[in-house]
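Presented below is the structure to which this report refers.
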Amino acid sequence: MNHQREPRNRTYLMCPPQHFTVEYAINPWMDTTVPVDAVLALKQWETLRDMLGSLGHRVHVLDAVAGLPDMVYAANGAFSVDGVVYGARFRHPQRTAEADVHREFYELQGWRYAGPEQINEGEGDFAYLPGAYGGLVLAGYGFRTDPAAHAEAQEVLGRPVVSLRLVDPAFYHLDTAFAALDDRHVTYYPGAFSAASQRVLAQLFPDAVLADRADAEAFGLNLVSDGRHVILNTEATAMGEKLRAAGYLPVHVDLSELKRGGGSVKCAVAELRP
Ligand code: ARG
């Protein structure tokens, strides 16, 4: 079975790791005793940005802010669907101020922005499948985003939101264990979800590409796909082969420094959906 996978041009938002450090630990990947190579981090980030550009996608860049070392994980700043932005509200005080920087970006661009009441970390815990069931939002909870934010997002966005419970602290955001490959196909690591949520995923996506724990630990699920090209961490070679077997084109980029903060490709890239 080898389909012709069609790419679609995307618009992304990224933020350079100018002030990136690991000076606090809010997920199991962060080790404050191991220094980050700032020069390498920036070089790797630029390679990712240029890669997305060379594939024909538009990349907006948000200026990094001193004192916000996790801002490079731009996916967490908001979640947009069909021109409406559901803003983020971070779980940890160290990241709280990032939400307003994102808000300002969207408001300046003329987006309709809804400020959240509930704690949620943007695309870290929300994914959108425009071609599944008429437009479906998948949402994670258990570590960062409050389940109440799922209902709030549904009210703001007017799309059904399916709640999925994350159970493994190593995979604390939905985007570490689940990814959209195109408008209606997904990949995920079942073990990151509760047994009931695994059943929900199996029912909704019987043809999903299933990943294993090693794929998830290599941050192979933390990917960005345009429907054909799937950008993922260099370490995730086995995951790349699974995607190739499913008809996609894996494109590996080395994001070893961003992994020290507990993130990879997807964490660094927010998709803007006008
Ligand atoms: N250090 C960041 C945090 O723990 C990493 C965020 C990763 N982003 C993501 N979309 N999973 O909040």
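Both ligands and their constituent atoms are indexed starting at 1 by order of listing.
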Heavy-atom pair with the smallest gap, counting every atom of S80 and L272
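Taking S80 first and L272 second, the nearest heavy atoms are OG-CA, 3.6 Å.
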Is there a polar contact between ligand 1 and [X], counting only N or O atoms under 3.5 Å apart?
X: T176; answer: no
X: N222; answer: no
X: G261; answer: yes
X: R144; answer: yes
X: E121; answer: no

I would like to know whether D146 and R91 meet salt bridge (charged side-chain N to carboxylate O under 4.0 Å, His left out); could you show each step before the answer?
CA-CA 9 Å; D146 271 337; R91 161 86 41 200; 2.8 Å; yes
So, taking the atom named CZ in R144 and the one named CD1 in I26, what distance separates them when rounded to the nearest 0.5 Å?
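The CD1 atom of I26 is 4.5 Å from CZ of R144, to the nearest 0.5 Å.
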From H19 NE2 over to L68 CG, what is the distance, rounded to the nearest 0.5 angstrom?
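Atom-to-atom, H19:NE2 and L68:CG are 9.0 Å apart.
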Report, as yes or no, whether the 6.0 Å neighbourhood of atom CD on E23 holds more than 12 heavy atoms from other residues, nucleotides or ligands.
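It does: E23 CD has more than 12 such atoms within range.
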Is it true that, when you exclude E104 itself, more than 12 heavy atoms of the residues, nucleotides or ligands shown sit nearer than 6.0 Å to its CD?
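Atom CD in E104 is not packed in, count stays at 12 or less.
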Report the member of N27, I26, D175 with the shortest heavy-atom distance to atom 10 (N) of ligand 1.
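The nearest heavy atom belongs to D175.
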I'd like to check which ligand 1 atoms, numbered from 1 as shown, lie under 4.0 Å from a non-hydrogen atom of [X].
X: M30; value: 1 (N)
X: G262; value: 7 (C)
X: N76; value: 6 (C), 7 (C), 8 (N), 9 (C), 10 (N)
X: G124; value: 10 (N)
X: D70; value: 1 (N), 2 (C), 3 (C)

Please classify the K266 to ligand 1 contact at 4.0 Å (heavy-atom distances, strictly less than): side chain, backbone, both or neither.
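For K266, no heavy atom sits under 4.0 Å from ligand 1.
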Structural part of H92 in contact with ligand 1, heavy atom criterion under 4.0 angstrom:
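It is neither part, as no heavy atom is under 4.0 Å.
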Can you report which non-hydrogen protein atom sits closest to atom 3 (C) of ligand 1, along with the distance?
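Checked against all protein heavy atoms, atom 3 (C) of ligand 1 sits closest to R95 NH1, 3.4 Å.
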To the nearest 0.1 Å, how far is atom 9 (C) of ligand 1 from its closest protein heavy atom, and which atom is that?
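Closest protein heavy atom to atom 9 (C) of ligand 1: C267 SG, 2.6 Å.
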Please name the residue in the list Y86, F79, F126 that meets the ring pair (Phe, Tyr, Trp, His ring centres under 6.0 Å) test with H150.
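Looking at Y86, F79, F126, the match for H150 under the ring pair (Phe, Tyr, Trp, His ring centres under 6.0 Å) is F126.
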For the pair [X] and [Y], find out whether any cationic side-chain nitrogen is under 4.0 Å from an anionic carboxylate oxygen.
X: E46; Y: K43; value: no
X: K266; Y: E123; value: yes
X: D212; Y: K242; value: yes

Non-hydrogen atoms of Y172 versus ligand 1: any pair closer than 4.0 Å?
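Contact present.
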